[in-house]
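These notes concern the structure reproduced below.
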Amino acid sequence: MHHFIDRRRNPKGKSLGNRQRFLRRARENIKERVDSSVRGKSLQQDNGEPSEGEKVTIPAKGLREPRLAHSTTGGLRHHVLPGNKEYVVGDAIPRPPGGGGQGGRKASEDGDGDDEFSFTLSQDEYLEILFDGLELPDLVEKNTFEMLTVGTRRAGLTTAGSPNNLNLVRTMRNSLGRRIALQRPTLAAQHEIENQISELEMKEPLTAKQKERLAELQTRLECLERKRRVVGYIDPLDLRFDTYVPEQIRNSKAVVFCLMDVSGSMQEREKDLAKRFFLLLHLFLTRGYEQTEIVFIRHTHHAQEVDEEAFFYARETGGTIVSTALEKMKEVIADRFPTDEWNIYGAQASDGENFGNDSQRCKSLLLEDLLPACQFFAYVEIVDEGADMLLGNSEAGEDLWQAYRQVKDKARHFEMQRVSLPSHIYPIFREFFLPKIKGAQHAGG
Amino acid sequence: MQAAKTSSNVLFDGPEWTFELLEKARDAIEDIALNDLGLEVYPNQIEIISSEQMLDAYSCAGLPLMYQHWSFGKHFVRDDTLYRTGRQGLAYEIVINSNPCISYNMEENTMAMQTLVMAHAAFGHNHFFKNNYLFQQWTDAAGIHDYLAFAKNYISACEERYGLDAVEEILDAAHSLQAQGVFRYGRPPQPTVTEREAMQRVRDGYESSKTLLDLWTDSTMRRDDEDNGREDHAISARQRELNLPQENILYFLEKSSPILKPWQREILRIVRCLAQYLYPQKQTKVMNEGCATFVHYYIINKLHQQGRITQGAFMEMMHSHTNVVLQPEYDDPRFGGINPYALGFAMMTDIRRICQTPTDEDRDWFPEFAGDPDWRGVLRGAWANYRDESFIQQFLSPHLIRNFKLFTLTNDALQPNMVVSQIHNRAGYRDIRRELARSYDLAYLEPDIQVTDADLRGDRELKLTHLVRNGIQLDQDNREEVLKHVRRLWGYEVGMSTEEYGQK
């Protein structure tokens, strides 16, 4: 009657449904916290991946499970407590602050009297909430969101093929079956007879009976050998080969170009802001595409493609010619990222300074060469914290800003914004990627 | 006491457990439990689970199957966080009042712990579940699995049909009244044959016709009518018609709410049935744990005497046992109320002492069983026939009150200070015992709220009455929130008045 059951192999995550319902319930609160966690701090690692899970603390309000319960204060109560040391009947003890008394009962039954509730979101859940409601700016015109490449796929077995594709297991299985069916004598059986023959041959004077026996054995051996020759160990009939067929694979790849001015005017603060924007963009695209790559291009009066470390931390001095970076980007695209294979995203950060009339050149480069190749191009101008005038007024600005404004008028997939604080990054990011049918969305809800 | 004689006698040696060793240990425990202690248990089904599965089980009130609701997810993420950050360990086992009796043992346990846990859960708790009158009368150990499966499927079918939000709303409301969803004194009215058929039909086609429901409700009410009508002539005809006053608010809403749809009533019923199923456990924490702890303590000592467990394993079990029965004193930072394991174990051990070596005081206080040679029988009788409140009232001895150095503290909001009202001396024993017993009486711990009136032909306001004892009011925030839920279920205005206890 009694028995043991090993349940350890049972699927875990029995409460996944409950967890999803919980996240759904607390979505508003969680979202708020996730958003502010992005605003407040950087996305930790340099590769832009948040850690394993993200700890969030949300207000417990709205997650309370109200119960009819006695108030913890007021009224007449008796408590029974263990460990009396010096009290005698009639001793008065001042009430501990916070009421309640030493009843030892918890404030509420399920202990959620706390105002805050902390737990850990998995990375998927975190990203899901972080980018909730955002869409890839896929303008479809280019039809490159998903591309087809050719790969191979296993396609069962065939009876003919090249030796390197021989499927040994299947071949041997066929061989064994055939050998059993056709009663191919084993090597052991052959040896057995051979042994008997040699045994008989050892005894020199043979009786008639033994001679007869020897002859019989010899014919059997002959027979065996013939049969072994006829029924091969492996017959061409047994052979099986793996086959592969070429297949079209849907593939989506994206590349993010991070362009940044690293001239002297870009200090630690400016770079930090730019970095946050690039990280968010990369993270966001990781979710939309199977494969994403990043290209870092920094520029002063000339542009270089560099690695991440050099991009953010290396020092470089010189003037500022923005168009060099755009030239470089164009070059890299032509070189390595054919537009019919890659979805190209550009993100440029600068403090808005540019040399002489280079801005006009930037404008034409963007309009004529880069924007037709890109899915999306964002320009982020980092201004001083005190520059309210610039932040509030999108018309005011220097050459580069003015030139880009003209670009924006002509290209729908070009966006530009100014930021001065880390907390600006996430809102403008959301603004860039909100579904473009804004009117309908707002009216709806 | 003899130490281990021969190594061949030893059940296991070393920390790793295997299923063969578990079988061996289980058989040795069973022998002592059944033949020495005379326990009577359901067949055991012992399941080994991982820590993640234990966390899953935690979030669903320990039940093996449960419908889905966000609050279980909330408990899960909290326990998960506490566990992962090392602030909370996990139980060694969970045991379910069912037939066969299922106990979950953690795979992390050492062989010594598995042995202890089997003695504790698979025999101690199991015996208590099978024999205690509350469980016998109020729970259906054989049917609980089927009912849980029905509940889970029903609720997920409702979610598919009516949407997550609609189901969540009803469940939230029902959960807020779960403590008010039990019959405390009378057995729940058994459904009649017609009712049962009606319910079955409603379950089969979730949204069957309205008239069917009327039939169902009417037949219940008419039957209850006869029971109550004769007893209390003072209650108005209207109240009688609705079977009022009614302490089981969920039951009342399920049967009489003017707005609920059949599937919503069924959900209320599910929540109410599960509350009723768990209600005996709430009333027997001290006894249940006391019984299980006493049983494991007795069994491991016996095994040790027989030389069947090694000295090391015995020490490990004793270490764990001592942690479990620790009772911090009131001024200890670890103090969190009276530990049911400590109190329960001490009382069981004390009963045995009173039977075996009674003092004059014991003979004075417990003439019925002091010196009784069959201490096992006395304990089994206690386990079968009491709940925490009556058990403490009946069996707490002055000896234990002195051991625990219990004292009572009177906290009257009208006085500036709290006053020590009784200490562990001759004058105080009875008062302390009564107060301690009362502190386990759910009728005192949980607010007494009843449905008193509802004029279905008039304004349809549902009137609830809170009977206030000793001036202890309801927690205001909770009260407002719960009333909102009641309004949602009732569909019309809901008011709650208070009445001093004893004034009516």
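Proteins get letters first, then strands, A, B, ... in listed order; numbering begins at 1 in each. Below, each value reflects all heavy atoms present in this structure, side chains not excepted, and no hydrogens, waters or symmetry copies.
B:Q422 and A:H78 share no side-chain donor-acceptor pair at under 3.5 Å. B:N411 and A:R95 share a side-chain donor-acceptor pair at under 3.5 Å.
Remark: side-chain polar atoms of B:Q53 are paired, donor with acceptor, to backbone N or O of A:R7 under 3.5 angstrom. Looking only at distances, a side-chain donor or acceptor of B:K74 sits under 3.5 Å from a matching main-chain atom of A:L63. The backbone N or O of B:L445 lies less than 3.5 Å from a partner atom in the side chain of A:H70, making a donor-acceptor pair.
B:L474 is listed as a side-chain neighbour of A:L68, based on a closest heavy-atom distance under 4.5 Å. Residues B:H75 and A:F22 have side chains not in contact (no heavy-atom distance under 4.5 Å, counting atoms from C-beta outward). Between B:I472 and A:R77 there is a side-chain heavy-atom pair separated by less than 4.5 Å.
For the pair A:R64 and B:D172, the salt-bridge criterion is not met [side-chain N within less than 4.0 Å of a carboxylate O]. Ion pairing of B:E159 with A:R21 is present here, as a side-chain N (NZ or NE/NH1/NH2) and a carboxylate O approach within less than 4.0 Å. Salt bridge annotation for B:E481-A:R67: absent, with no cationic side-chain nitrogen under 4.0 angstrom from a carboxylate oxygen. Checked for salt-bridge contact, A:R24 and B:D165 meet the test: a charged N lies under 4.0 Å from a carboxylate O.
Looking at A:R8, both its backbone and its side chain come within 4.5 Å of chain B, counting heavy atoms on both sides. Of the two parts of B:R438, neither the backbone nor the side chain holds a non-hydrogen atom closer than 4.5 Å to a non-hydrogen atom of chain A.
Residues satisfying the side-chain contact (heavy atoms from CB on, under 4.5 Å) test with B:Q415, not counting sequence neighbours, are B:D412.
The choice from A:L23, A:V88, A:L16, A:V89 that makes the most heavy-atom pairs within less than 4.5 Å of chain B is A:V89.
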